[in-house]
Amino acid sequence: MAEILTRPESLTKIPFHYCPGCTHGIAHRLVAEVIDELGLMEKTIGVASVGCSVLAYDYFNLDMQQAAHGRAPAVATGIKRALPDRIVFTYQGDGDLASIGMGEIVHAAGRGENITVIFINNSIYGMTGGQMAPTTLMGQKTTTTPEGRTKDNGFPLKVSEMLATLDGVAYIARVALFDPGQVIKAKKAIKTAFTVQEKGLGFSLVEILSTCPTNWGLSPVKALKYVKETMAQYYPPGEFKKPEGVW
Amino acid sequence: METVLMKGNEALAEAAIRAGLNVYFGYPITPQNEVGEYLAKHLPRAGGTFLQAESEVAAINMVYGAAGAGVRTMTSSSGPGISLMQEGISYLAAAELPAVIVNMMRGGPGLGGIQPSQSDYFQATKGGGHGDYRLIVLAPSSVQELYDHTMLAFDLADHYRNPVMVLGDGLLGQMMESVTLKPYIPAFPLEEKTWATRGRKNRKPNIINSLYLDPEKLFSHNQKLFKKYQVIAEKEVRVEVINEEAEFFFVAYGSSARFSLKVIELLKEKGINAGLIRPITLWPFPYTVIAEKVNQSKGFMVVEMSMGQMVEDVERAVKGQKPVYFYGTAGGIVPSPQKIFRRTLEILEGGQE
Ligand SMILES: Cc1ncc(C[n+]2csc(CCOP(=O)(O)OP(=O)(O)O)c2C)c(N)n1
Ligand code: SF4
């Protein structure tokens, strides 16, 4: 019988701990598929951040480093500067990347650090129980914005748009995982990002609009609908920066 | 072997290059800027990489990444910057990553000043970052030792898979002295870093991590670390004793040890037989070497450019059996040997506390 779908070699056999309906798992799989398809497994080093995906080092069948909260781009910089011919990626949540680690991500992008960043935007802090993130939408209820986010808490940060203004950035795209078509687009963007790094073109980042059914208090299906109908309106998917040439 | 006149900060940077430093990450702060400046110029020529980080927080985390990738890596800073690095230092210690961290101390707390000080002793030797861990701390007292200790720091770091701090001060960093540029000879056999994350080829993945959600596993990780620290404490204590037969001992490290030597000379003219115990490793601390001198010594005078930090460790070694006196300066004021001399005379002749 022909095998249609198998586990990517770049993933271990350890089952994910993510909540049902959480799209962290799909994002992991896409990254692993891309690494397999590009034949990069033996030369890739991943950096896991702090957040629900802190255990990513258990799931990727790759050499991995676990970084302090927000510092993954600095850790990745250290690895890349030590081993410039390797492929280095970070996998970070929005609390990690856009809050405590905003300095590190802006400067890694500004330096044109030749690394790839997978940025999971689920508009909330998952691991610590659903507090406000810098990406939390206006009006969105979280445990620290119980009445919904108001301007007293500041406005949601559009990270991809911001970083796309920097000269060091080679590729930036935002994708969403709310239906199969979007998942295919997401994989294409991730592949482009890794290829950009392979070609040594500079910093690449893929923002993935992701679900957190648990802390949003929505069923998995409603959570996907929320990504499509609410999140993707404020955070429009698309490619914000692309290197010149044929892609 | 070439002997040259060199600034302390530059001598240490040169030693790092000769010891095979691959990548340096740092952020400017006085009084150690010459370290980064020297490396920016000379490290690339030697085949290494210099990168100015956007902050000390980033710098130490870059060090973490590079150390995990299995190369020789270093950062340098001074008090306020080292404070910011504490997060990364705790992670380095937890993940057992070898790295060299230089602190050229300036006066604190807070922004303090830029003049020399020894007030980061607690931070260097008692933690500084969160959790149970230890750093190996070397305390050079001359430009030559800045050179020698920097080479040794890389070897200790690799051998024990532990971050090592070279704890100097603004005076040593800025001072020019002759230094013999000894060739680098590893203090330990250099082992292959099979644990490093360099891309998995024909093996299982390597993981650099410090997260242990299961309390039992974290406890056994703590125990493993402490077994290592015990070995270090047994094997790596370094100390210089000048005048073993003395009847009164000064205890001082770094620049303060040099001032103390002058005081010992002045006391000799007065017929007082004083000696110096100079800890070269601040952790592990030479408790036993001090304890061995308790019987023969009328007391101990601890000299520090701080309000009194190492003095607590000396008291711990002396265990109340003899008086422990303290002479300290702070704020970037360098102690005057004459003043220490007069104070010591008062104590020894007047018998006052
Ligand atoms: C220095 C530090 N501060 C706070 C924390 C606690 N913490 C753990 S995960 C997290 C939020 C992570 O949120 P996000 O990056 O959005 O990832 P998610 O859990 O949503 O996947 C926080 C604040 C920490 N581990 N370290
Ligand atoms: S808490 Fe949210 S982000 Fe974390 S695993 Fe569960 S659904 Fe996913």
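Residue numbers start from 1 in every chain, and the chains themselves are labelled A, B, ... in the order their sequence lines are given, proteins ahead of strands. Quick note: numbers below take in every heavy atom, side chains included, and nothing from hydrogens, waters or symmetry partners. Just so you know, these numbers come straight off a predicted model, no measurement behind them.
Side-chain contact, E14(B) with Y38(B): a donor N or O sits under 3.5 Å from an acceptor N or O.
A196(B) touches chain A through its backbone: at least one of N, CA, C or O sits under 4.5 Å from a heavy atom, while the side chain does not. Proximity to chain B (any heavy atom under 4.5 Å) is shown, for R81(A), by both the backbone and the side chain. Heavy atoms closer than 4.5 Å to chain A are found in both the backbone and the side chain of Y64(B). Contact annotation for L51(B): only side-chain heavy atoms (C-beta onward) come within less than 4.5 Å of a heavy atom of chain A. The part of L62(A) that comes within reach of chain B is its backbone (N, CA, C, O), which places non-hydrogen atoms under 4.5 angstrom from that chain. Contacts between V63(B) and chain A at a heavy-atom distance below 4.5 Å are absent for every atom of the residue. Both the backbone and the side chain of N209(B) come within contact range of chain A, with heavy atoms under 4.5 Å apart. For R203(B), the part lying near chain A is the side chain, with the backbone staying farther off; criterion is any non-hydrogen pair under 4.5 Å.
For E207(A) and R174(A), the salt-bridge test passes: some basic side-chain N is under 4.0 Å from an acidic carboxylate O. In this structure, E96(B) pairs ionically with K228(B), as a charged nitrogen and a carboxylate oxygen lie closer than 4.0 Å. Using a 4.0 Å cut-off between charged nitrogen and carboxylate oxygen, R86(A) and D63(A) do not count as a salt-bridge pair. Ion pair E37(A)/K187(A) flagged as a salt bridge, since at least one NZ, NE, NH1 or NH2 atom sits closer than 4.0 Å to an Asp/Glu carboxylate oxygen.
Counting heavy-atom pairs closer than 4.5 Å to chain B, the top residue among H107(A), H69(A), K43(A), M41(A) is H107(A). Comparing I208(B), I60(B), T49(B) by how many heavy-atom pairs each has under 4.5 Å with chain A, the most go to I208(B). Ranked by heavy-atom pairs under 4.5 Å with chain B, the first of L83(A), L40(A), T12(A), T77(A) is L83(A). In terms of heavy-atom pairs under 4.5 angstrom with chain B, the leader among K80(A), E42(A), Q66(A) is E42(A). Of the residues considered (R198(B), R72(B), K201(B)), R198(B) shows the highest number of contacts with chain A, using heavy-atom pairs under 4.5 Å.
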(request) Check step by step if ring pair (Phe, Tyr, Trp, His ring centres under 6.0 Å) holds for Y147(B) and Y184(B). (result) CA-CA 10 Å; Y147(B) 181 91; Y184(B) 168 65; 10.0 Å; no
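Ring geometry for H130(B) against Y91(B) counts as perpendicular: the plane angle is over 60°, on a 0 to 90° scale with 30° as the lower cut. Between Y18(A) and F16(A), the two ring planes are tilted [angle within 30° to 60°].
Residue T23(A) is tested with L177(A), N122(A), L30(A) for a side-chain contact (heavy atoms from CB on, under 4.5 Å); the sole match is L177(A).
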